[in-house]
There are 2 protein chains.
Amino acid sequence: MESTANGARTPRRRRAQGLSREVILDACLRLAAETAPDALSFRKIGKELGADPTALYRHFADKDDLLLSLADRVLARGMEGYAPSVSWVASLRDLMLRARAGFLEYPQVATLAALRVTRQEGELQFVEAMLAALHRAGFKGKDAARIHRACADFMLSWTGFSAGLLLLGEKSSQDDRAWVESYAGISVGDYPLAVASVSAMAEIPDDENYTFALELLLAGIAARLGVESLTEMNT
Amino acid sequence: MESTANGARTPRRRRAQGLSREVILDACLRLAAETAPDALSFRKIGKELGADPTALYRHFADKDDLLLSLADRVLARGMEGYAPSVSWVASLRDLMLRARAGFLEYPQVATLAALRVTRQEGELQFVEAMLAALHRAGFKGKDAARIHRACADFMLSWTGFSAGLLLLGEKSSQDDRAWVESYAGISVGDYPLAVASVSAMAEIPDDENYTFALELLLAGIAARLGVESLTEMNT
DNA sequence: ACCTGAACACCGTTCAAGT
DNA sequence: ACCTGAACACCGTTCAAGT
């Protein structure tokens with residue numbers, strides 16, 4: 001990669017020299033950008049680096065360790081360019097959308113690490129920005145902590161879900177077939193509402209669904225504000 | 001299991017005779033009730049049945065096929081005893097809680113199948129009950145479909161998340177250690193709010209967190225009702 | 001018709017050995 | 001100090017063979 005001056009055609013393994021956490025993480029992100037289901041195995045990372053797969057154990061305790069660092073990098077990347085808005089709702093919405101979008105650029109990382117807490121720089125940036133927005137709204141202390149946790153885990157769980165759907169890929173289409181087939185064996189008359197709406201529901205893309213649920217959540221938070229302070233109401 | 005009359009001490013493998021989808025699914029649920037991380041492999045299911053692991057392929061196309069049937073059974077089990085309330089909010093809340101609780105009795109199934117659509121009996125029961133509650137609230141057609149999808153995927157994604165946490169088990173405790181350790185290397189002064197609330201947030205158990213987020217979501221839906229019909233308002 | 005068992009192409013991880 | 005490579009205990013799945 002550095003100098004392709006001489007014999008550029010032999011695709012044999014580069015010598016693995018100067019591995020480091022940074023170098024390894026970069027290679028992982030290169031692999032994780034793809035939507036292939038198992039792109040992040042040690043063996044594939046090793047090949048990408050031209051190193052023996054087990055060399056990674058010199059720099060990371062185990063796969064979990066690697067994954068947490070990877071997840072934090074991805075979150076931090078999603079936070080790049082974030083600027084708080086004057087509106088706290090707009091800030092919350094922005095954060096909840098950009099964090100998810102950041103993760104979904106690396107679906108592998110999202111599925112594998114969505115339920116882990118990284119406790120590294122990127123996560124702290126996200127938490128601090130969320131809490132700042134909630135403070136501006138008037139939520140403090142324990143109340144702010146509860147709402148932040150609800151929002152963060154809403155985002156993380158749904159992001160893991162979405163990443164899983166992306167990685168399933170073509171299998172989702174198989175699902176559509178199964179849908180039609182499996183209806184044959186079931187007494188459809190018992191489920192009139194479900195049968196009537198089934199295609200309308202299937203049409204909704206996951207992104208739109210997340211956005212819509214997020215708006216419901218934000219409305220719920222806003223409504224809570226009304227209850228708390230009783231000074232201002234928003235429809 | 002059927003008759004322990006003679007030689008009950010030899011734990012050698014029962015002969016595998018009369019395997020069927022039903023028999024296999026029962027064995028799977030027995031295994032999946034545990035919190036062991038990899039309890040649902042074909043090899044372990046085979047051992048539980050006293051059959052060769054590959055015998056399962058005679059009854060299920062692949063692991064995915066098995067998982068979908070398993071997931072639908074678990075959902076159906078969660079729906080047992082459901083009775084719609086006069087209050088549509090109470091009905092929605094009940095459905096969103098019982099579906100998750102049903103899945104979490106079989107964490108293996110929940111992690112592996114949360115993002116799949118089963119299109120079998122249990123799922124239809126759930127969808128029908130949700131739509132019925134939404135209709136009673138006054139949501140119809142496309143609007144009901146959108147809200148149902150938001151609710152269902154909120155529940156499914158969070159349930160997959162929760163099941164993952166359960167399966168992580170002791171690793172969560174490791175996280176707590178990591179939390180303290182990793183704070184050493186970071187300039188804490190840059191994240192005052194995050195640092196101040198970190199322990200308050202960590203204390204919130206996942207169940208409570210889900211319940212709280214669910215209330216926010218329900219409040220958001222109720223608020224939307226106000227916008228729609230303009231006839232009745234609820235704080 | 002149904003079950004078995006060897007085999008294939010994968011996993012994460014450990015450990016003695018090389019340099 | 002860092003990387004290698006054989007090995008271990010696992011995966012899901014295929015396929016020829018048994019009964």
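We name chains A, B, ... by the order of the sequence lines, and we start the count at 1 in each one.
A/F42 has its CZ atom 15 Å from the C1' atom of D/dC3, to the nearest Å. Between the CG atom of B/L49 and the C1' atom of C/dC2 there is a distance of 14 Å, rounded to whole Å. Atom NZ of A/K63 is separated from atom C1' of D/dC11 by 13 Å (rounded to the nearest Å). Rounded to an integer number of Å, the gap from OH of B/Y57 to P of C/dT4 is 15 Å. For A/F60 and D/dC3, the CZ to P distance is 12 Å, given to the nearest whole Å. Residue A/D38 contributes atom CG, which lies 10 Å from atom P of C/dC10 at whole-angstrom precision. In this structure, A/I24 places its CD1 atom 11 Å from C1' of D/dC2, rounding to the nearest Å. Straight-line distance from the CG atom of A/L67 to the C1' atom of C/dG12: 12 Å, rounded to whole Å.
Taking the side chain to side chain contact (heavy atoms under 4.5 Å, CB included) definition, one finds that B/E208 meets it with B/I204, B/P205, sequence neighbours left out. A search for side-chain hydrogen bond (donor to acceptor under 3.5 Å, both in side chains) contacts involving B/D72 returns B/T118, not counting sequence neighbours. With sequence neighbours left out, A/D65 forms a side-chain hydrogen bond (donor to acceptor under 3.5 Å, both in side chains) with no residue at all. Take A/D207 and apply the salt bridge (charged side-chain N to carboxylate O under 4.0 Å, His left out) test, not counting sequence neighbours, and it matches A/R100.
Taking the six-membered ring for Trp, A/F60 and A/F42 have ring centres at least 6.0 Å apart.
Residue pairs meeting the side-chain hydrogen bond (donor to acceptor under 3.5 Å, both in side chains) criterion with at least one partner in residues 102-114 of chain B, sequence neighbours excluded, are B/R77-B/Y106.
Between C/dT4, D/dC2, D/dG5, one nucleotide has an atom nearer to the side chain of A/R58 than all others, and that is D/dC2. Side-chain atoms of A/S41 lie closest to C/dC11 of the nucleotides C/dC11, D/dG12, C/dT13. Considering only side-chain atoms of A/D52, the nucleotide from D/dG5, D/dC3, C/dG12 that sits closest is D/dG5.
Mapped onto DNA chain D by nearest heavy atom, A/R43 and A/A55 fall at different nucleotides, with A/A55 at the one closer to the 5' end. The nearest heavy atom of DNA chain C to A/T54 and to A/K44 marks one nucleotide each, and the one closer to the 5' end goes with A/K44.
With salt bridges taken as basic N to acidic carboxylate O contacts below 4.0 Å, one links A/D64 and A/R116.
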Item to complete: Any chance you could encode DNA chain D as dot-bracket? Rule is Watson-Crick or G-U wobble with both distances under 3.5 Å; [ ] for pairs crossing earlier ones, | for another strand.
Response: ||.|||||...|||||.||
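For the pair A/H59 and D/dC3, the criterion of a side-chain N or O lying under 4.0 Å from OP1 or OP2 is met.
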